[in-house]
Amino acid sequence: MGKTLTEKILEKHLAGGTYVPGEEIAIRIDQTLTQDATGTMAYLQFESMNIPRVKTELSVSYIDHNTVQIGFENADDHRYLRSAARKFGVYLSRAGNGICHQVHLERFGKPGKTLIGSDSHTPTGGALGMIAIGAGGLDVALAMAGEPFYLTCPRVIRINLEGKLPPWVSAKDIILKVLEIFSTKGNVGCIFEYGGNALAHLTVPERATITNMGAECGVTTSLFPSDDMTRTFLEAQGRAGDWTPLAADVDAVYDKTVTIHLNDLVPQTAKPHSPDQIATVREMENIPVDQVCLGSCTNSSYKDLVTVAKILKGKVVHPRVSFIIAPGSRQVLENLSRDGYLTDLLASGARLMENACGFCIGNSQSPQSAGVSLRTSNRNFLARSGTKDAQVYLVSPETAAAAVITGTFTDPRDLNMPYPEVTMPERFHIDDGMIIPPAPEAEGAAAEILRGPNIGAPPKNEGLPAAIRGQVTLKVGDKITTDHIIPAGDRMKYRSNIPRYADFVFETVDAAFAKRAAEIRDRGEHNLIVAGLSYGQGSSREHAAICPMYLGVKAVIAKSFERIHTANLINFGILPLTFRNEADYDRIDQGDTLEIPDIREIITGSRPLIVKDITKGLEFEAVYDLSERQKAMILAGGALNLRS
Ligand code: MIC
Ligand code: SF4
């Protein structure tokens, strides 16, 4: 029986367990990436492991998220990261060099390698034929320490892309179709492996748009073969030597196969407030648009920006629209500038932002009150743009450009102009001047770590108590994202200061939560959270576990969880429980007192886990799915406790 490409790469890296879908396996990690917002915590944790230098083939620290430096905090974090990179043998991509995923694709990704990154869009690297997975910062720190990465051996879903994209329809419309088919929930433990005859026409940056936003489906990662397109891209990056051909066997067996005919696709959008609220652009026609943002790690490649430059050449931004551009990398910006396209964009009235996450993470460019914002990014969760009443729609660069001209939602096929052809440079202008390579070992060893007053040690948890007893401090519904649990935007500057950042836990859902939870904790009781389906969607930020841990949350009881968040909860000693019978969710209310007697004994033994609702005088069964390794972490109160 033939093998999938996923199986081939994972088997080559297997460091524990057997390749049986659904079972926990451990894999060797070749490359890691961190970004500043999750990176400070990752390097603080790495520091606490007392390992002199990273043990990976390559580790890169990117500064791309918190580049709006209001106050000293962000700049102090940047300085800390620079000093940690020097000390520990890590490449540093400085602020201004670009968004981690775009830069990693351009300069470091390699077919056949494994990469984990402390950012949920790390799967972008799957466009190069690598297994690239998003993880919490602690898991990345452990990989830098040479430890394997644990994951559920995935079920592999084949997505066949057949035919050719019609004019004005692009890679974003493909992944929006995938989201329409698979939605944002129910895909935990799967990998999307792409194939089909359309791949002959899909460039690596286009594939990257698709793998990037696979994260929104909740899959472990997405993967393309490494073929001639991959070689062309790597050659254009001056990295022909990094290419190796890789493909699934022709008789590979998949868990499921879905075929998408590209010729049938039309421009699509994801409506507020979830990436799976898919509609056609035609259905949205004539809605007035206030803001258009072009950029983010999903759609800010040279091809994306040149396409828009060509559409806008000689035109002026509609008076109602504020048009924002954030190129994905300094390389993209320099090439646009050298080839003259930047001038066309600026002449149209574009507002040029830094090559960074910027608007995508809501630390700048929030729309006006109740503003309609069309964005080429990947997430439109409630309040992520920085304002709760914003109406954010996710669109392709082509649809974005059409709205820039008309001031309304417009199907770009109605623009009455020929679809612009973009010729990719055979060789990009390459300038790695903003990447600091690792210092020689001796210099690193002597280097000093530079901190600031906002940078504290990662807090540790206590071991799991004998019994959990406390309140349902919060009951929430389905699809609670990590943006709901702990906001980013202007709150992100407290990422290195857990006691302060914890003040904002669940801010957008219930602003009184943090205070209430802290009071309960200070009375010596525990906090429990009750949730619906797909709890912890979205980002990899482990702060969505660390900050609740700091507030005394001991367990989350949900109908289901997302992968990265589950791992983060366990890493920090919070017990993820699911209802044996989903109907029990309706019987519990916020404020109820719950008790789980003998929880330590239950975790070490095999008794059913019964939760008592003391307030209601009822009980129900909850289940957990923990490997022996994870049980040990839960009992110890988190992974860091196990190491000390
Ligand atoms: C995001 O897109 O939500 C982020 C910000 O990049 C996060 C990481 C973080 O919260 O720092 C992610 O995707 O993991
Ligand atoms: Fe940055 Fe947005 Fe990409 Fe997250 S999704 S890495 S915030 S550009």
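Heads up: numbering here begins at 1 and tracks the sequence. Whatever order the structure lists them in is the order used to number ligands and atoms, beginning at 1.
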Q | Interfacing atoms of ligand 2 (cut-off 4.0 Å, heavy-atom, His101) | A | 6 (S)
**Q.** Asp119: numbered ligand 2 atoms lying under 4.0 Å from its heavy atoms
**A.** 6 (S)
Under 3.5 Å side-chain donor-acceptor pair for [X] and [Y]:
X      : Y      : result
His104 : Tyr62  : yes
Asp173 : Gln268 : no
Thr481 : Gln537 : no
His121 : Glu216 : yes
Ser118 : Thr38  : yes

Q. Checking ring pair (Phe, Tyr, Trp, His ring centres under 6.0 Å) against Phe224, which of Phe192, Tyr194, Phe233 comes through?
A. Tyr194
Q) Between Asp64 and ligand 2, which part of the residue brings a heavy atom under 4.0 Å of the ligand: side chain, backbone, both or neither? A) neither
Q) Is Gln35 touching ligand 2 with its side chain, its backbone, both, or neither, if touching means heavy atoms under 4.0 Å apart? A) neither
Q.
Tell me whether Arg384 reaches ligand 2 (any heavy atom closer than 4.0 angstrom to a ligand atom).
A. yes
Q. Listing residue and atom name, which protein N/O/S atoms are closer to atom 2 (Fe) of ligand 2 than 2.8 Å?
A. Cys360 SG
Q) Tell me the salt bridge (charged side-chain N to carboxylate O under 4.0 Å, His left out) pairs involving residues 296-306, sequence neighbours left out? A) Glu206-Lys303
**Q.** Residues in salt bridge (charged side-chain N to carboxylate O under 4.0 Å, His left out) contact with Arg94, at least two apart in sequence or another chain
**A.** none
Extract all N/O-N/O pairs under 3.5 Å that connect ligand 1 to the protein, and present each with both atom names and the distance rounded to 0.1 Å.
| unit_1 | atom_1 | unit_2 | atom_2 | d |
| --- | --- | --- | --- | --- |
| ligand 1 | 2 (O) | Arg379 | NH1 | 3.3 |
| ligand 1 | 2 (O) | Arg384 | NH2 | 2.8 |
| ligand 1 | 3 (O) | Arg379 | NH1 | 3.0 |
| ligand 1 | 3 (O) | Arg384 | NH1 | 2.8 |
| ligand 1 | 3 (O) | Arg384 | NH2 | 3.4 |
| ligand 1 | 3 (O) | Arg541 | NH2 | 3.1 |
| ligand 1 | 6 (O) | His65 | NE2 | 2.8 |
| ligand 1 | 6 (O) | Asp119 | OD2 | 2.7 |
| ligand 1 | 10 (O) | Arg495 | NH1 | 3.4 |
| ligand 1 | 10 (O) | Arg495 | NH2 | 2.9 |
| ligand 1 | 10 (O) | Arg541 | NE | 2.6 |
| ligand 1 | 10 (O) | Arg541 | NH2 | 3.3 |
| ligand 1 | 11 (O) | Gln35 | NE2 | 2.9 |
| ligand 1 | 11 (O) | Arg495 | NH1 | 2.8 |
| ligand 1 | 13 (O) | Asp119 | OD1 | 3.4 |
| ligand 1 | 13 (O) | Ser120 | N | 3.4 |
| ligand 1 | 13 (O) | Ser120 | OG | 2.5 |
| ligand 1 | 13 (O) | Arg379 | NH1 | 3.1 |
| ligand 1 | 14 (O) | Ser120 | N | 2.8 |
| ligand 1 | 14 (O) | Ser120 | OG | 3.4 |
| ligand 1 | 14 (O) | Ser540 | N | 2.7 |
| ligand 1 | 14 (O) | Ser540 | OG | 2.9 |

Q: Please report the C-alpha distance between Asp77 and Asn66 in whole Å, then the side-chain angles of each, then the deciding distance to 0.1 Å, and finally whether the side chain to side chain donor-acceptor pair (under 3.5 Å) criterion is met.
A: CA-CA 9 Å; Asp77 279 354; Asn66 274 321; 5.1 Å; no
Q. What closest approach, in Å, do Pro459 and Ile498 show between heavy atoms, and which atom pair accounts for it?
A. CD-CG1, 3.6 Å
Q) Are Phe513 and Phe506 near enough that their ring centres are under 6.0 Å apart? A) yes
Q | Salt-bridge criterion met for Arg330 and Asp431 (N-O under 4.0 Å) | A | yes
